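Quantities reported herein were computed from a predicted structural model and do not represent experimental measurements. Below, read A as the first sequence line, B as the second, and so on, with proteins coming before strands; counting in each chain starts at 1.
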There are 2 protein chains.
Amino acid sequence: MSYATAVPGKSRVSGDLVDSLGQTSFTVIALLSRIAAEHDMSLTQLRALAILRDREPAMAELAAFLGLERSSVSGLMDRAARRGLVRRTPGDDDARVTYVSLTAKGHRLAAEVTTEVADLLAPMTNRLSAAEQKRLTALLFALLDQSDGSQQPS
Amino acid sequence: MSYATAVPGKSRVSGDLVDSLGQTSFTVIALLSRIAAEHDMSLTQLRALAILRDREPAMAELAAFLGLERSSVSGLMDRAARRGLVRRTPGDDDARVTYVSLTAKGHRLAAEVTTEVADLLAPMTNRLSAAEQKRLTALLFALLDQSDGSQQPS
DNA sequence: TATTGTTATACTCTATAACTATA
DNA sequence: TATAGTTATAGAGTATAACAATA
C-alpha cells in the first residue's frame with residue numbers, strides 16, 4: 001500500500017514491472033505444469049525432481065526447499081517412491097533422519113523434463129536476440145540477488 | 001531435446017535464461033501464493049479475482065482464462081460466492097449463460113491484494129535502478145509478445 | 001525435552017463423467 | 001444435437017495435530 005503511494009514517480013514503472021513479472025511467471029509456471037502433467041506429475045513433484053538432481057537432502061531439508069510442511073513432503077515422496085522415482089535411505093549417524101535421492105529412473109525423467117522445458121520455452125526466448133537474452137538473464141539474476149549465476153533448482 | 005543440442009552456441013545462454021526464468025517465476029508465484037494465503041485464498045482464487053477486476057465473463061470464458069475445466073470453476077466460484085466476493089448473474093439473451101462479477105467486497109479485496117503484491121515485490125524490484133527496471137519490463141513484455149504493454153490479469 | 005519423520009484427518013483444487021436446462 | 005453450467009465422484013496436494021522413535 002505504502003509503496004504505490006509513497007513513490008508516485010516510480011510507481012508507474014513498478015506497476016508495469018509487477019505486471020510483466022506476474023504475467024511472465026504465470027506463463028512459465030503454466031508451461032512447467034503442462035510438462036509435469038504430461039508425465040503424470042504435479043508442479044511440486046517436478047520441482048522436487050529438479051531439486052533432487054544435485055542434492056540428497058533429508059526430508060526436513062527437502063521440505064524447506066519446497067516451502068512445505070514435512071508431512072506434505074512425506075506424502076509427496078510416498079507417491080514418487082511408489083512410481084520408482086526416488087528412494088529413502090536411513091541416516092547413519094542420526095537414525096531419525098531419512099535421506100531422499102533419485103533412482104536411475106528418476107534421473108532419466110529429470111533429464112528428460114529439463115530438455116523439454118528448454119524446448120517449450122524456446123518459442124518465447126527466441127523472440128529475443130542473443131544479446132537481449134543475455135541482458136534479460138543478467139537482470140533476472142540481479143533481481144534474485146544471484147548475479148553470480150549460482151544454480152538453484154528451477 | 002532438439003533445441004539444446006541443435007544450437008550449441010546458444011544453448012549455454014538459453015540454459016541460464018531458462019534457469020533464471022524458472023527461479024524468478026517460482027519466487028514470484030510463491031510470493032503471490034503467500035499473499036493469497038494471508039487472505040485465505042488459493043493462488044487460483046487470487047488470479048480469478050485479478051481477472052474479474054476488469055471483466056465480467058461467462059463461466060466458460062473464465063474457465064478459459066484460468067485454463068481450467070468448467071466444473072473446476074463452478075466449485076471455485078461457489079467458494080468465492082460463499083465468501084461474498086463474487087456474484088452470478090443469469091444471461092439475458094441466452095438463459096444457459098451465467099456471468100460472474102466481483103461484489104464491492106470483492107473489488108476491495110482485489111485492490112488491497114494488488115497493492116500488497118507491489119509492496120512485497122518491492123524489495124526485489126528495488127534491487128534494480130529505474131533504468132534497469134524499465135529495460136527488464138520491456139524485455140519481459142517482448143518475451144510475452146506484448147511490447148505494447150496491454151494489460152492482462154497478473 | 002527437542003527433533004525427525006510418519007500417520008490421521010480435513011479441506012481445497014482439479015479432472016472426468018453424467019446430468020439438467022436451454023438453444 | 002450441441003452448448004452452458006452444475007453435480008457427483010475420485011485423487012492429489014496441503015496443513016494441523018498427534019504420534020513413535022531417536023537424540
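- The nucleotide range of DNA chain D contacted by chain A, defined by atoms under 4.0 angstrom from heavy atoms of the protein and reported 5' to 3', is D:dA12 to D:dA23.
- Of the two residues near DNA chain D, A:Ser42 and A:Asp92, the one whose nearest nucleotide lies more 5' is A:Ser42.
- A:Phe65 is listed as a side-chain neighbour of A:Arg55, based on a closest heavy-atom distance under 4.5 Å.
- In this structure A:Arg127 satisfies the side-chain hydrogen bond (donor to acceptor under 3.5 Å, both in side chains) test with no other residue, sequence neighbours excluded.
- Between A:Thr24 and B:Phe141 the shortest side-chain heavy-atom distance does not fall below 4.5 Å.
- Here the P atom of nucleotide C:dT6 and the CG atom of A:Asp78 are 7 Å apart, to the nearest Å.
- In this structure, B:Asp40 atom CG and C:dC13 atom P are separated by 11 Å, rounded to whole Å.
- Among the atoms of the strands shown, base atoms are found under 4.0 Å from some heavy atom of B:Ser74.
- Residues A:Leu136 and B:Leu140 meet the side-chain proximity criterion, which asks for heavy atoms closer than 4.5 Å.
- Spacing between atom CG of A:Leu76 and atom C1' of C:dT6 amounts to 14 Å, rounded to whole angstrom units.
- Listed by chain and residue number, B:Arg53 satisfy the side-chain hydrogen bond (donor to acceptor under 3.5 Å, both in side chains) test with B:Thr114 (two or more places apart in sequence, or in another chain).
- Whole-Å rounding puts the A:Met77 CE to C:dT7 P distance at 14 Å.
- Contact between the side-chain N/O atoms of B:Arg79 and the OP1/OP2 oxygens of C:dC11 is not found at any separation under 4.0 Å.
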inquiry  = What does the B/S/- profile of nucleotides 15-22 of chain C look like, 5' to 3', with a 4.0 Å heavy-atom cutoff to protein?
reply    = BBB---BB

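- Taking A:His39 as the reference, A:Ile35, A:Met41, A:Leu109, A:Glu112, A:Val113, A:Glu116 meet the side-chain contact (heavy atoms from CB on, under 4.5 Å) condition, with sequence neighbours excluded.
- Nucleic acid contact class of B:Glu61 (heavy atoms, under 4.0 Å, all strands): none.
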Review item, side-chain donor-acceptor pairs of residues 67-82 of chain A, under 3.5 Å, at least two apart:
{"from": "A:Asp78", "atom 1": "OD1", "to": "A:Arg88", "atom 2": "NH2", "distance (Å)": "2.2"}

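- Panel note: side chain B:Glu61, backbone B:Ala58; a donor-acceptor pair is recorded below 3.5 Å.
- Taken from CG in A:Leu62 to OG in A:Ser101, the straight-line distance is 11.0 Å, to the nearest 0.5 Å.
- Considering only side-chain N and O atoms, B:Gln45 lies nowhere under 4.0 angstrom from the phosphate OP1 or OP2 of C:dT12.
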